[in-house]
Structure formats: C-alpha cells, structure tokens
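Quick note: numbers below take in every heavy atom, side chains included, and nothing from hydrogens, waters or symmetry partners. Indexing begins at 1, ligand by ligand and atom by atom, following the structure's order.
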Amino acid sequence: MFMKRAFSVLNKNSISSVVKNSENAVRGPVAIRAIQMKKEMATGKKFKFEKLVPMHSGNPQALGQPPITFGREVLSIMMHHQFGQDVSYDRYSVDAVDRARHYLENMDPQAIGAYAGKPDGYDPIKKEVIDFIRERDGVDVDPSKLYLSTGASEAIEIFLRLLINDPNDAVMIPTPNYPLYSACCVAYGGQEVRYGLDENNNWALNLEDLQKSYQDAKDRGLNPKGIAVLNPGNPTGQVLTKQNLKDVIEFAYENNLLVIADEVYQANVYNGNEFHSMRGVMEELGDPIKSKLEMVSMHSVSKGFTGECGLRGGYFEFTNLDSFAEEMIYKLKAIKFCAPTPGMIAVGTMVNPPKEGVNSPEVVSLYNKEKDHVFGGLQRKAGELYEKLNNMEGITTNETQGALYSFARLHLPEKFIAEADSLGIHPDLHFCLNLLEETGMITVPGSGFGQEEGTAHIRMTNLIYNDKVMDDSMANMHKMVSELHGKYS
Ligand SMILES: Cc1ncc(COP(=O)(O)O)c(C=O)c1O
C-alpha cells in the first residue's frame, strides 16, 4: 500500500523563488480580472458594457488584424504538400506555389513536420534573411552567426541566460521596459540595472542618465555585462534617432557591454519617423567598433503588418562573439532542436515578400494593398490615440512614433491616489481596474513596466482593427475620466 502524499512537490514554499519573483504586467491583475469577467458574462452576469475590448496586448490578429495572403498561401501549400501527387494548387497564386516548392526542395529534411536538420534553421530561409539584412544595412552576414528562432523571445532568453553567471551580474534595461527582460534577469538569478527614458523628450535615451545608472550599479558592486535597446520602444512607442543609437553603441563599447538590439517593431514606424538598425549604425561607426563590439540583433514575424505572433517565428544575428560563446549558443539551440517550422517559413515570406519585377503584378499588387491597409490603419490609430488621450482631463501622452502602443501619463486626483493607497495598489492599477469596470477596456498599468517614482501611466495599443470599437472605447474612456476627476477632485 502506498502512503498518502502529505504535500505537493511543487508548492508556494518549494517553487524556485526566482520564478515566484518574476512578473508579467501584460497578463497581470487587469487581464486576470478581465478573464474572470468574461466567465461571469458567459453565465449571464451584466456589466456596464457589452463587450471587453482588449487593448493590453500587442497581439495583432487577436484584435482583428488580417494576415497577409502571400505568407499564408505559402504556408498552406507547405502544410499540405503533396508535390508530385495528383493534388491541385489552382486556388493559390503561382508565385506562392513556386515559393513553397523552392522552400520544400531546398530545406533539410524536406518535411515541415520534421525537426529541421540544423538548430539554426532552414538554409533557404536563412539566405533570404541574409539578403534582407544586406539590403537594410549594407553588410554581409556570416550564415554561421544567424539563427532562426522561436520569436524574438528566444533570443532574449538565450542572451540573458549567457550573460548572467553570478548574482551580481547585471543587464541594463530601459525604464519603462518590456517585462520579459526583467522577468529573465530575475529568473536567471541576476540583476537588472534600469536606465531611464526621457518622457519630456519623447522617451529618448539620455546618455547622462545611462552613464549615471551604470556608475551607480558599479558603486553597488554589480557587474553590468549587457544593455538592451528596444527600438522602436515598448511600451513607450518612440523611435530612437541615429545619434541616440550612436551614443549608446559607443557607450556599450567603452564599458564592455554586449548590446541586445531588440528591433521587433522595425516595420511599425509612423508619420515620417525613420528606423535605423543598430547593426547598420555599428557598421557606419567603423573600426574598432564594428569589428569588436558584441551585439545581437533580432527581428520577429509577430509585429509589423505581418502580425503572426502565434507562429513564433523570428531570427537573431550576432557579431564579434568569442568562439566559445558561439558554441554555447549552438548548444542551447540544439537542446531544443529548432524553431517552429511554420514560424521559419513565416520569416521567409516576411523578409522576402512579393516584389515588383520578380513576382507577378497581381501578387505584388495584392501584397502592397494588404500591407498598406494594415499599416495605414495602425498609423491612423496611433495618431488617434495621441489626440484623444491628450484631450482627456489629466492625461498627457507623447506621439506614438512607432511600435504598437501609447504610454500615457496619468495625472490623478489626490483623493483617488489616497484611495489606491488604502487598497494597497498602485494608483495606475486602480485607474486601469476602474476603466475596465466602467468601459470593458483592458489596458496595462505603467507600474508593471517600471516607471519614474511617483508617476502613473497606462499602456494602450493602437491595434483595435475595428474603427467603431476604437471610437466608442475612446469616447467611453473620455467620459469615465471626466467623471473620475469630477468625483475625486
Ligand atoms: C520589445 C519586444 N521584444 C520582444 C517581444 C517578443 O516577440 P516574439 O513574439 O517575437 O517573441 C515583444 C513582444 O511583444 C516585444 O514587445
């Protein structure tokens, strides 16, 4: 007879404290309350709104953004590949059939349901990424330094894991910041060193602040080893200038930091702002930086007008790493076999879309139409968020120059702040929970991303594809904000 087990192996006391201490604001208390509401709505419970409006997550297709036809056609054909058998592909464009055939004939093994033959991914796709980087940055990429990955997240995890080897090892990350970085710093047993972005200067990176954070960290006995630069920024929606990027690259070089260039939003740049890749800027700075600075730069199919978050496709490319570090990357990738195969295909169709002079005019025209439609909508909504939020009492926000978010400052009445204090929660979480109850809008409080002490913010996405839903939501929010200020002032 077995004895009855006295307790769970995994419980509050036994689970690793680094896991317990890591946080994810995007799926934090507001999103959790929204899930609960959804369940209650399904049982007939009435709220002050008809539908929840998910403005918390940068998950384009969950919010109605349609996929790009060419990429989906190539994927569909490959998922159903029967070349050589009597299967008709008449419903697909000839260009998509040709691309699918090209991938299938050149990838190893020639089966999308198999692990890829190498941990760095399919060669025909890697070649397309290399061409894409050459066209963007004017550099020739060594294929052995390029990996297809499980979104950009995998690259972030790999590099933070490699960097953190001691409880005092630290990575410099911006405030506010995309939560995966803080979560990994904590989960891998290291430290995060925050550098501030300047809200009064459209969230630009401030060199003096960077130097000060670095020095403070050193004075505290920490060992900063890397710096993450998110451009365009999440949650802050800024696009960094070339000068800003030069400054941070030189700073990283002088202080022996590895640069993590997170550029997943490079296709989300609006209203005449210009994206400069860190890889390109590093090349422009010339020697010794270009031949010595350790950098990893990454891209993803999740954002932009591609919006294929669920396919988990991305790539990362590194420069100037020690050969032992390269071996470790290979090992870490090999342990998990390969990136998801559909994600790899999606990377290929993202970096090498239908092109004039190469593909048929109808396919190019459909691709351009779809891209312009999605991109135009995102750009327009970014502008609307800026205007509508700035028109609300006690809310100011910078222009969303890029990415998918507005990170607006909340100037809340004293009485409301005191009420939040009495509830033991941050005032911006109190605000977001109120907004949810009143309007159904799911948002993320700024406190979840880290922010300057004493300030309060809200992150909202410009991804709501349906104009009416967006307009109605912003009108409802306007009303809620006016009432809140009336009640608490
Ligand atoms: C700045 C940033 N980096 C990385 C990621 C992760 O992207 P992926 O879906 O490619 O893993 C996100 C996702 O929102 C992000 O905002």
Side-chain angles (χ1 to χ4, degrees), residues 23-28 31 54-63 65 67 71 121 129 147-161 171-185 192 197 203 205 226-240 259-269 275 277-278 296-317 333 336 339-340 342-347 350-351 378 382 400-407 443-444 446 448-450 459-463:
E23 285 180 16
N24 181 0
V26 181
R27 313 249 173 230
M55 299 184 81
H56 60 308
S57 169
N59 194 6
Q61 291 183 27
L63 301 169
Q65 183 173 309
V129 176
Y147 283 72
L148 303 179
S149 57
T150 310
S153 303
E154 189 187 10
I156 300 169
E157 286 165 3
I158 287 178
F159 276 81
L160 292 195
R161 197 176 269 276
V171 179
M172 300 190 72
I173 59 179
T175 290
N177 166 263
Y178 173 58
L180 179 61
Y181 288 91
S182 323
C184 286
C185 282
E192 54 184 13
L197 299 171
W203 299 111
L205 203 150
I227 178 164
V229 180
L230 282 54
N231 181 41
N234 175 10
T236 34
Q238 85 285 31
V239 178
L240 297 176
V259 174
I260 301 174
D262 183 333
E263 298 173 340
V264 300
Y265 295 102
Q266 61 188 271
N268 296 104
V269 177
F275 167 76
S277 77
M278 289 198 93
V296 56
S297 58
M298 59 191 87
H299 193 11
S300 162
V301 301
S302 296
K303 314 293 171 180
F305 44 86
T306 316
E308 298 276 20
C309 291
L311 294 181
R312 309 306 299 125
Y315 74 76
F316 63 91
E317 188 241 341
K333 281 288 294 174
K336 294 189 174 174
M344 291 198 251
I345 303 304
V347 171
M350 175 183 75
V351 298
L378 293 171
T400 298
Q401 299 173 324
L404 299 173
Y405 316 98
S406 179
F407 195 67
T443 56
V444 191
F449 300 97
R459 189 189 79 167
M460 300 170 66
T461 160
N462 60 334
L463 272 168

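Between Gly304 and Ala267, the shortest heavy-atom contact is CA-CB, 4.0 Å.
Thr306 is linked by a side chain to side chain contact (heavy atoms under 4.5 Å, CB included) to Val301, Glu308, Met350, counting only residues two or more places apart in sequence or in another chain. Listed by chain and number, the residues in a side chain to side chain contact (heavy atoms under 4.5 Å, CB included) with Glu192 are Ile173, Ser182, Cys185, Arg194 (sequence neighbours excluded). Applying the side chain to side chain contact (heavy atoms under 4.5 Å, CB included) test to Pro342 and every residue at least two apart in sequence or in another chain returns Leu75, Met79, Leu311, Pro340.
Using a distance-only test at 3.5 Å, with no hydrogens or angles considered, a donor-acceptor pair links the side chain of Thr461 to the main chain of Leu404.
Side-chain rings of Tyr265 and Tyr178 stay apart, their centers remaining 6.0 Å or farther from each other.
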Put together the list of close N/O pairs, under 3.5 Å, between ligand 1 and the protein, could you?
unit_1	atom_1	unit_2	atom_2	d
ligand 1	3 (N)	Asp262	OD1	3.3
ligand 1	3 (N)	Asp262	OD2	2.6
ligand 1	9 (O)	Ser302	OG	2.7
ligand 1	9 (O)	Arg312	NH1	2.8
ligand 1	10 (O)	Ala152	N	2.7
ligand 1	10 (O)	Ser300	OG	2.6
ligand 1	10 (O)	Ser302	OG	3.4
ligand 1	11 (O)	Ala152	N	3.2
ligand 1	11 (O)	Ser153	N	3.0
ligand 1	11 (O)	Ser153	OG	2.5
ligand 1	11 (O)	Arg312	NH2	2.8
ligand 1	14 (O)	Tyr265	OH	3.4
ligand 1	14 (O)	Lys303	NZ	2.9
ligand 1	16 (O)	Asn234	ND2	2.7
ligand 1	16 (O)	Tyr265	OH	2.7

